[in-house]
Amino acid sequence: MITTPESTGFEDVIRIKEKLGEEKNLHVISEEDLDNFIITLAELKAGTSFSEDSLTGTVDDADIIIIQIKNLDWGENTLRHLKKQSNNFLKPVLLISTKPPEELQFLIDDSLQWPLTQDSFIESLEKLTNINQKLEMLEELDPSTNEFELKQVLLLRHLYSRETSALKPQRNYTAKVGYTYPLANALFDVAPGVETQSLSILEEKKLLNFTIEDKVNLCPNCEHTHINYREICPHCKSLNIFEEATIHHFRCAHVGRESGYLHDGQLICPKCSRELRHIGVDYDKPSEILWCNSCNHNFSEPLLSCFCLACAHNFSPQDAFLENINEYTLSGEGMRAAEAGILPGLGITNILKKEVGFYNIQIFNELLQIELARCQRYKYESTLSKFNLGAAEKVFEKYKLLSSKRFRKDFAEIINQTFRTTDIFTSKTNGDILIIFTNTSLKNTKIAFQRLGELIQNQFDVVLKLKYKLFKLSDKGANLDDILEKMNDS
Ligand SMILES: [Zn+2]
Ligand SMILES: [Zn+2]
Ligand SMILES: [Zn+2]
C-alpha cells in the first residue's frame, strides 16, 4: 500500500481481466484505508477475477482510476491534482462515494454509490474501457509540442473520447468572468475563469462549436466582471445625488428645489419672495428632478458610471468589454485536430485575417496580374511584399500575450493603423503572407513595415525583427511568373 503526499490518501493497484476482454490496471485512490474496498471487491468476485496481490505501481501506469471519497473537498482536491497532470488527464475516472457527488460531475466519467453492487461496478468499468479504446486510436503527440498547446490538444481529446461531453460553464463569483469550466480549469491549473482564454483560442480556431449561455461585462483594464454600476452627476461626476421636485418660478425665472420654496405649507420664491399659487400660471415643475449635492446642478438623466471592484478602474458602460459565456462541444475541425494531435492556425495571423480579410491565393494572383499590368502601363507604383508572423507569434507566446483579450484588441488596432483598406492580402499554407500595397512605392512600404514594428514595440514593449521581402511592380519588364518565383525563394 502506498500513501501519496499530494492526496494524503491511500492508493493501490488492482488488475482486472475478465469481462473486460483484456487486463486493465485499476488504480484506486481512497480517502480512507483501502481494506474495506479490497474486501468488497473480493466479495464481488463472482464471475470476475481480481488479482489478490496488491501490485505496486503509480497512477501513471493506470488504465482506469478509481477514487473513493467521503469528503467532497478531499475528492475535489484529489481530482484537481490528477487532472492537471498532462499524462493522466485523459484517463477515465470512476468516483465512488456514499452520496452522488453533483459538484464533481465535470471531473469524472462515472460515479457509483457505496456499497458497490457487482453489476453496476462491471457495467461502469466497461463504459470506462470504451474510453480507453478511443484513446488508443489517437496519434502519438509530437514531443516538441509546448505545454500550452499540449493542454489544448488534451482538452480536445477529452471531448473526443467522451462522445456526448460538453464544456459547460459553471457560475462562480470568485472567477474573473463570473464563470468557470471545472475540467479545463483543473487542466490549465489556473485561477477560476482564467481558462476561458484558452477556450476562446480554441473557439477562434473553429475547433469548438459553441452556444451562448450568458453575456458578461468586463472591466476594460483588468477584464474582471466585478463591476459596480452607479448613477452620478453628469456635471461634476459626484455620487451625491438625490431626487427632489423642481420648481421654476415664471416671474423671476428662478429654478430651485421644492424644499427651498416651502414655508409653512406655502410656496414662497427664495429669490423674489413672491408667493406661488397656481401651477401652470405662476410656476411649473420641470422634469429635471435629480439634484447634485456637490455642485447643486439639477438634471433629468444621471450619468451611468462603472467602477471596477477588482482594480478600481473608472469607466463608462460603453467601454466595458462584452464577453460571451458559451457552452462548448467539439467541432468537426476539432475532431480532426484531436485525432492528429496538432492545432491549426497561428494566433496573430488569424487576427490579421479577421481585420483585413484575406483573398484566396488564386484570386490574389489574378488581382496581382491586373495590378502588375496597371503598374507596367501607367508607371503606377505598387509594391508586393511577403512576410511571415511565425517568429512574432513565438515571441508573443513567450510573454503569454496571445490569450489576452486586451492584446488581441490592441493588435487589431495596430493592424488597422498600418494597413489600408486598398491593400490586398493572402496567405500561403506555410504561413507566409503576401500583400499588394496598391499605389505605394517601395520606400513607403518599408516605412509601413517600420511603423508596424514601432507600434508593436511601443504598445507591448516587445522588440520584433520583422523580416519581409519587397518587389516593385513597376520595374521594367517584370512578369508574374518571375515575381512569384522570386517571392518563393526564402
Ligand atoms: Zn478592473
Ligand atoms: Zn454635481
Ligand atoms: Zn421668484
Side-chain angles (χ1 to χ4, degrees), residues 172-180 190-197 200 214-325 400-401 403-410:
N172 181 329
Y173 72 91
T174 66
K176 225 177 157 182
V177 293
Y179 286 91
T180 180
V190 287
V194 176
E195 70 278 9
T196 54
Q197 296 175 348
S200 18
D214 197 4
K215 291 188 178 188
V216 288
N217 289 293
L218 303 181
C219 163
N221 185 50
C222 73
E223 298 178 21
H224 260 270
T225 192
H226 298 110
I227 301 168
N228 189 21
Y229 290 83
R230 63 273 167 93
E231 297 181 334
I232 56 170
C233 167
H235 302 282
C236 75
K237 309 257 155 76
S238 166
L239 280 165
N240 195 356
I241 60 175
F242 62 96
E243 197 179 311
E244 187 181 334
T246 300
I247 289 182
H248 169 213
H249 187 203
F250 291 149
R251 184 129 185 190
C252 73
H254 180 67
V255 175
R257 306 168 190 180
E258 188 171 45
S259 58
Y261 284 85
L262 271 174
H263 292 282
D264 301 329
Q266 282 180 310
L267 291 172
I268 308 291
C269 176
K271 186 181 170 198
C272 70
S273 305
R274 286 190 174 85
E275 192 184 351
L276 284 58
R277 289 177 194 277
H278 303 291
I279 187 160
V281 178
D282 297 330
Y283 67 96
D284 69 355
K285 290 185 163 183
S287 61
E288 288 81 15
I289 54 158
L290 288 167
W291 288 87
C292 174
N293 256 338
S294 302
C295 71
N296 211 29
H297 270 91
N298 67 327
F299 44 92
S300 58
E301 293 282 342
L303 202 65
L304 194 61
S305 133
C306 300
F307 178 66
C308 174
L309 293 170
C311 77
H313 183 52
N314 262 304
F315 56 100
S316 66
Q318 61 266 28
D319 290 336
F321 290 165
L322 189 62
E323 178 153 299
N324 291 348
I325 300 294
K400 300 213 184 306
L401 285 167
S403 52
S404 140
K405 224 180 195 59
R406 155 141 253 153
F407 169 80
R408 300 180 81 80
K409 199 169 168 245
D410 290 343

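Side chains are part of it too, since the values below use all heavy atoms of this structure and drop only hydrogens, waters and symmetry mates. As the structure lists them, so they are numbered: ligands from 1, and atoms in each ligand from 1. The shown structure was predicted, so the numbers you read here are calculated from the model rather than taken from an experiment.
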Contact check, side chains of Leu267 and Glu275, non-hydrogen atoms, under 4.5 Å: no
Measure the acute angle between the ring planes of His235 and His297, then classify it against the limits of 30° and 60° as parallel, tilted or perpendicular. parallel
Give a yes or no on whether Cys219 keeps an N, O or S atom under 2.8 Å from the Zn ion (ligand 1). yes
Shortest non-hydrogen contact from Val255 to Trp291? O-CH2, 4.4 Å
Going by heavy atoms in the side chains, are His249 and Lys271 under 4.5 Å from each other? no
To the nearest 10 degrees, could you say what angle the Zn ion (ligand 3) makes with SG of Cys252 and ND1 of His249? 110°
Is it true that some N/O/S atom of Cys222, main chain or side chain, lies under 2.8 Å from the Zn ion (ligand 1)? yes
Report the relative orientation of the aromatic rings in His226 and His224; use parallel for angles under 30°, tilted for 30 to 60°, perpendicular for over 60°. tilted
Between Ile241 and Ser238, the two heavy atoms sitting closest are CG2-O, 3.9 Å
What lies under 2.8 Å from the Zn ion (ligand 2), restricted to protein N/O/S atoms, is Cys233 SG, Cys236 SG, Cys292 SG, Cys295 SG
Would you say His224 reaches the Zn ion (ligand 1) with an N/O/S atom under 2.8 Å? no
Tell me, yes or no, whether the heavy-atom count around Arg230 atom CZ, taken from other residues, nucleotides or ligands under 6.0 Å, exceeds 12. yes
